[in-house]
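What follows is one structure encoded as structure tokens, with my remarks underneath.
Predicted model, so just to flag it, every value in this text is computed and none were measured. Below, chains carry the letters A, B, ... as their sequence lines are ordered, and counting in each starts from 1.
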Amino acid sequence: MRSLVVAAWLLLLLPTRFVVAVKEQDFKKCDESAFCRRGRTLAHRAAEHVTSGEKWKSPYSLDASTIVLEDGGSRFTGRVRSSLYPEIKFELDVRVHEDGVVRVRMDEKEGLRKRYDEAASWALLKEPVLSPSSKWSVGKKEVKVVYGEKKDQVEVTVEFEPLVVRMKRNGKDQVVLNGQGLLHMEHFREKVEENVKKLEATDVEMVAAEGEEAQKVIQLPPNAWFEGDTEDGLWQESWRSWTDTKPKGPESLSLDINFPNHGHVYGIPQHATRLDLPTTKGEGAFFDDPYRLYNTDVFEYLASSTTSLYGSIPLIHAHSADSTVAVFVSVASETWIDVAHPTQKSTETHWVSESGILDVFLLPGPAPDQVFSQYAKLTGAVQLPPHWSLGYHQCRWNYVSTNDVRSVQKRFDEEDIPVDVFWLDIEYSEDHKYMIWDKKNFPDPVDMFNDVEALARKMVVIVDPHIKRTHDYPVYKEGQELDLFIRNKHGSEFEGWCWSGSSAWIDFFNPNSWEWYKSLYKFNGRNDGKWSWTESTGAVHIWNDMNEPSIFNGPEITMEKDSIHYGGWEHRDVHNINGMLFVNITSQAVKERTTPYKRPFVLTRSFYAGAQRFGAMWTGDNLGTWEHMAVGIPMVLSNNIAGMSFAGADVGGFFGNPEPEMLTRWYFVGAFSPFFRAHAHIDTKRREPYLLAEPYKSIVRETLRLRYSLLPVWYTAFRESTVTGLPVVRPQYVVLPKNEPGFSIDDQYYVGASGLLVKPITEAGVTETTIYIGEDQVYYDFYSGHAYRGSAKGKNVTVPAPLERGPLLIRGGSILPSRERPRRSSALMKRDPFTLKVALSQSGSASGELYLDDGESYGHREGNFVWREFVAESTKKTVIISTKDLGSKNPDRAVDGVELATYNGGNAFANALNGVRVERIVVLGLKNRPSKVTLGNTDLEFIFEGGVAAVGKKEGVASKLTVKNPGAFITSDWTVVLGL
Amino acid sequence: MLLLPFLLSLSVSVPAQAAFSLEVKGVHPSLYQKYVPTSSNLWSCLDESRSIPWSSVNDDYCDCPDGSDEPGTGACKNSTFFCVNVGHVGALISATRVNDGLCEPQCCDGSDEPTGICPNICDQVGIHHRALLEQETKLRKTGSKIRASYISFAQKEKMRLEAVVTSAEREVTAQTNELARIKEIVDRTESLSAVALERRKSSPLFKSLESHSELLESLLILHKNQRQRLNALEDILSGLRTGYNPNYQDMAVLEAVRGWEQIAGLHHINDVQKGEDEGGGEPLPSDGQSKISDEIERKVESVLKADRVSLLMEHEKYVDQTQASPNLLNLSYIPQSFAPAFDYIRSFASAILGYNPLSSDAASVSRVRQLLSDAEAVLREAEDKLRNVQRDLEDLFKPDRFGKDGEWKKLDGLCLEKDTGEYTYEVCLFGEAKQKGNSDGSVHSLGHFSSWKRDEEVGTPDYYSRQMFTGGAKCWNGPQRSIQVDLSCGLDNELLTITEPEKCEYLITGTTPALCTPLESWENVKDEL
């Protein structure tokens, strides 16, 4: 008897197993979203027509007689008709920009209501300049424009009937809009009662219904061939316990965008999937559901899925060995995208959005570099971040008190582990009233900030968009007095549930909110004497989380779509932009709280095209699993190619307790991400690097030191990105766009133009791995100097990958500037000398760049910076290493998109760096020991270790020359000659 | 690793005249004699791996793999820097701190940065340091007096316990003798009636009585287990209700919470009016039932304890006599809803206890048996007491318990409290730690004392600087609560700070005179380490 009881008792004591995965039913699939269903069945009908041999012709056509050329001919407008609804007026507006980008807009004119047309105004940096030379010409069947160099001409045609937009290069289709005839803009209409509807239906078509009454004839509406025979969720839609009232009725938009000559598509972040987007349609489709863009807070998201996540960038790259093009679809409403490859060399995509106008930008390329610069011209490039924000960020939900923060800082310093930023998650605040300190645990926040700043470090504090609805919270009280909150469908203050309990959300679409919200950050007080965050300092930067917005009791954990924003727009119209407005205004607030302005750092979870101008993003609440560690890499790459260069995934995984090996590997992933932060959920064990046992602790310390030593490389890569729009981390197809076998590789990547090629290990128990080298070049192992050889066709090489040495190669032909003295934080390195690592190419040359400035002011926009080039050239008898200034050569494209007229090498910042040395020059791949090494007339001390030369085909440890203290300064011109 | 050295300010005062006799910047005085060039002006790295020109020493370039050529610069990541700190005590810091633009507090002479950056503040620092030292000495002196009183308490306690042991031993001896005496009587009496007893034992009534008892015993065990299980489940559900995250609208969790609220008659946790405190302290409906269960369990246990053989002996006395049942189980407070179950129990109990007359010889057997079992109980009690006192005596000077001087004995069971606003934390040293809700009266165990600081040598001051309490109430979706109490020397026994660095793992700091050893002896210990 007793034993039975005991057994039952034991059963009860067994730990409850937790289901670790997103609850899929919390988020919609395409078939649970009426407009997506309508869009997808439209595509399905079209496909069935074609397979059954019938013709499928788009009902949309351009009325040639209405075409008007404007702006000197670089733009035309014209009326588009739909044969389904001939009385409805659509206007087409097509423009050619000065850089060859073509913008296609279509809107319903004089309709019952107005479609949302402001998405581009938030995404674009400024109104694009139209081409002064390209002119549209109107022909019999099409409007056409031709531009570009003779040998490499772009031709864009807009065909009248059916309406098709086609961009060609050298006669080859690059992008085709409506080539499959799936264009459909649902016009605004009055709600028609069911019985009225039936009367209107005519008997053009008769169909036998299924079932027993086979002869029963039903009448179909004339547009059924295109729109289907039933109304599907046009006026109201219920899902789980929520009902979307849809007062405006149907207004969705469907468009097929085809790339007939491109077999690879990338982009449309954010999804947890491969960089080279797997198919969602067609035979053997990898996913069932279309990619979804609808900013949502997905709890414990899946590591391979088309589910929407926290941010959306509707930009897609199409790539082949011939060319790269891109399409940016400026739409802010929920959007679903099907991807199919009808052949290996072609791609079809189908975009369905819930509302908004058609506003599509065709980026002609033809190479990835140009696509990046074309996109940066539209939505802006990443802004040069504060230098310290490229250091290591230590976060946890939560450091529980000011003393906790102090003791974490102390432990880092005791262990000599570098760190730049400590973070505070939501629990610092009293009842989640952000900016209001929980004085029980944080009695002395300003002293805490000062203690952290004393070691040249910063803090980042979270400020979320949900505003606790209580009048003792000045932000809520004032927001209400100023009438700045988003409204519900009934027109009163929207109320939802989030961390702070019952909450309201500021409507940042309302211009009245901007100056007010910015003034809250004035830590020296506001001019009007009202409340501002005076318990803060200039060392405090901001983290914006939950800005999708995340609303615990809302449909799909977000806001009801029929909520109302400024100007009367529905939330459905602006949803994907909403989060970006919050980080936009926060970054301005942080920047402008002091005079002179200082560069802000703001991290956001939600983002949209253009958000790169406001701060960094991270991939949200990942899991502490190998799978999530691995998918974080293509996710960061995908964000990078879509403009969000300052990206990273939480090191260690937000949920769970990673084992030491996993955490150690994850630090390497982080050390090679543009944004490098460790974070952990409140339920996890503490896992700051100093808590690791040996050997893990020492390995992580060295990994962090490696990141810090390479900060010059990262900062220089960011400089380039601010000017060219090129991503900071670059996948294979971006660096070697002609090398086909590399197009789908997304587990290795290059850091800027530095030549560093990294392949983080994301599996347990690995001791070696293969790295793909997609060119005929020598690559050196970063640690051992081992020379590997690639080939023009591409070659896999096997490299060691022990836990303490994450696979890292240097591309032959690169010169890496680094700072090798470990410090507690990055600002403490600013007077440290440099090491230059010269990795000779197979032809015996190399080059590299270095960009430096004060790291936090805007002085760089006035020419206070150092930007230099290092070059190594070989002759028969010598190798000459020299440096020259790049600023004076390219003042108009130096940094942050600022076009300086001149650059003065003797600027204040450069002068402050006087005396900062190059302490060491390392040359890999010399063919023999130099007889002497000189700078001017001075013989320099050096050590030579023999080995494989860069020239030739040999593999093995390369020769290594180390020149000691060459007496060269980082800001001046010099030449070091190696006599061979 | 070079981590510890720079933390311990070396207590060696460097005489001013020695510091500059062989000045190689950053070298620890004990190594001065190693920093001398050879006649050919060369110098060997301390690990002897390389020979380098003497001019390469402190030339701000790292030549030696062991970093020994750059004691005075930050060029080698694995070297250390010694600042002389004339007027204060010298300090060894990591090379990562040299020439980094920050004036290290350890180097009050400012020598860790190039000349002119950091002022020499060793005079002030020295004065301040000595003042602190004096203060510390004073604290320890006063504190150690209190500590001494704890030790003498332990001494007195020892004497007291020894006296108790002696008397307990006497008691055990006396009771042992008494038991032997009664046993003899019982044996004699019983041998007379053994045959009669055997016959009576085979009566169906007695057999039925035996099997009833067995069943009742089983039911009681089952009942207790079920109650434990029920309590655990209620705890889990209560924890779920107060601790669940309304995030993500997990309907399954919400349903579980609502279901529990309905069964327990609680309002919905999120229905609280704004501004009103969450009243989590409503009594659970099962509280009343729990009292009744306790009472019934107690009664059933006493019923089961009855010596059935004695009862059998006595039985004859009552045969053919009518008498009212005793009102053993007339519990007036039993509520109506419980009446049926209670009636059942009462009838069951009455069946066992149903008095019947017994024959007189049986009566005497029964009487002596009762005497015997009483005597056995008294002896057991005396033995238990003796064992306990002996254990207390042993523990008194056990290093892993009250210290080898017994200085902690005085604090055994001392309960310290700290009010943090929302909760009051109570730590009973060597006992249990609890978290009490100030508004709702909830109490959660944070665990029982389980050990002093782990990973420290038993008996060292560091060993006694931490008490670990483990095995507290389980957190919903979390571990069992535990607490770490970090103590330092102070004149009062008090708790200072309370934090929860990880969910359900608490950290408390506090002071106690028990850790106040005189500074001299403390320093000695530190030096020995």
Side-chain angles (χ1 to χ4, degrees), chain A residues 1-2 4-6 8-9 12-13 16 18 23 26 240-241 297 299 399-401 403-404 413-416 418 440-441 454-456 469-470 497-499 501-502 550 552-554 557 682-686 698 705 820-825 827-833 917 919-920 941 964-965, chain B residues 1-4 6-7 53 56 59-63 73-77 94-102 114 217-219 221-222 224-226 228-229 232-233 236 245-252 270 274-275 420-422 475-479 497 499-505 507 509:
Chain A
M1 177 85 62
R2 176 166 275 272
L4 241 177
V5 174
V6 169
W9 186 231
L12 190 76
L13 283 176
T16 330
F18 245 74
K23 292 208 154 177
D26 280 349
R240 300 190 63 181
S241 59
D297 178 4
F299 183 72
Y399 293 117
V400 298
S401 65
N403 281 336
D404 192 7
D413 289 342
E414 284 170 2
E415 296 284 358
D416 238 347
K440 283 203 294 284
N441 296 310
L455 285 142
R469 297 177 71 233
T470 165
W497 197 269
C498 204
W499 297 124
S502 171
S550 175
F552 297 156
N553 59 342
I557 327 292
I682 196 165
D683 279 345
T684 61
K685 301 293 289 174
R686 292 217 174 191
S698 292
R705 288 179 170 185
E820 303 290 336
R821 300 188 177 186
R823 299 295 188 191
R824 285 165 290 181
S825 63
L828 302 180
M829 304 172 90
K830 62 177 180 246
R831 300 281 312 164
D832 281 345
R917 299 172 295 142
E919 67 169 334
R920 186 185 293 110
E941 215 179 300
K964 169 178 173 176
N965 262 338
Chain B
M1 233 11 264
L2 44 94
L3 308 173
L4 271 177
F6 67 85
L7 286 175
S56 289
D59 68 345
D60 206 13
Y61 182 87
C62 194
D63 296 283
T73 76
C76 297
K77 53 178 106 176
S94 158
T96 59
R97 269 79 161 155
V98 180
N99 296 341
D100 66 351
L102 284 190
E217 197 163 357
S218 303
L219 273 172
I221 291 163
L222 194 62
K224 282 182 175 171
N225 282 328
Q226 298 288 29
Q228 261 182 17
R229 201 177 136 100
L233 287 169
I236 288 169
N245 188 342
N247 191 358
Y248 313 119
Q249 287 294 295
D250 189 323
M251 293 314 287
N270 285 336
K274 272 167 214 100
T420 63
E422 197 176 348
C475 276
W476 179 71
N477 191 20
T497 64
T499 50
E500 190 181 356
E502 282 167 29
K503 219 167 179 195
C504 304
E505 296 184 16
L507 170 65
T509 62

Checklist entry - Given the options Gly421(B), Pro501(B), Gly101(B), which has more heavy-atom pairs under 4.5 Å with chain A than any of the others? => result Pro501(B)
Checklist entry - Any idea which of Cys76(B), Ala75(B), Cys62(B) has the most non-hydrogen atom pairs under 4.5 angstrom with chain A? => result Ala75(B)
Checklist entry - Does a side-chain heavy-atom distance below 4.5 Å link Leu828(A) with Arg97(B)? => result no
Go through the atoms of [X] and report whether side chain, backbone, both or neither lie under 4.5 Å from a heavy atom of chain B.
X: Ala454(A); answer: backbone
X: Asp832(A); answer: side chain
X: Thr684(A); answer: backbone
X: Lys440(A); answer: side chain

Next on the checklist: Using only atom types and a distance under 3.5 Å, with no angle test, would you say the side chain of Asn553(A) pairs donor to acceptor with the backbone of Trp497(A)?
Outcome noted: yes
Item to check | Sidechain-backbone polar pair: Glu502(B) side chain, Lys685(A) backbone, donor-acceptor under 3.5 Å | outcome: no
Checklist entry - Can a salt bridge be assigned to the pair Arg686(A) and Glu505(B) using a cut-off of 4.0 Å between side-chain N and carboxylate O? => result no
Checklist entry - When you check the gap from the basic side-chain N to the acidic O, do Lys964(A) and Asp63(B) get nearer than 4.0 Å? => result yes
Next on the checklist: Quick check on Thr420(B) against chain A: is it the side chain, the backbone, both or neither that has a heavy atom closer than 4.5 Å?
Outcome noted: backbone
Item to check | Pairs of heavy atoms under 4.5 Å with chain B: top-ranked of Glu941(A), Glu820(A), Arg920(A), Met829(A) | outcome: Arg920(A)
Item to check | Pair Asn99(B)-Arg831(A), side-chain donor/acceptor within less than 3.5 Å | outcome: no
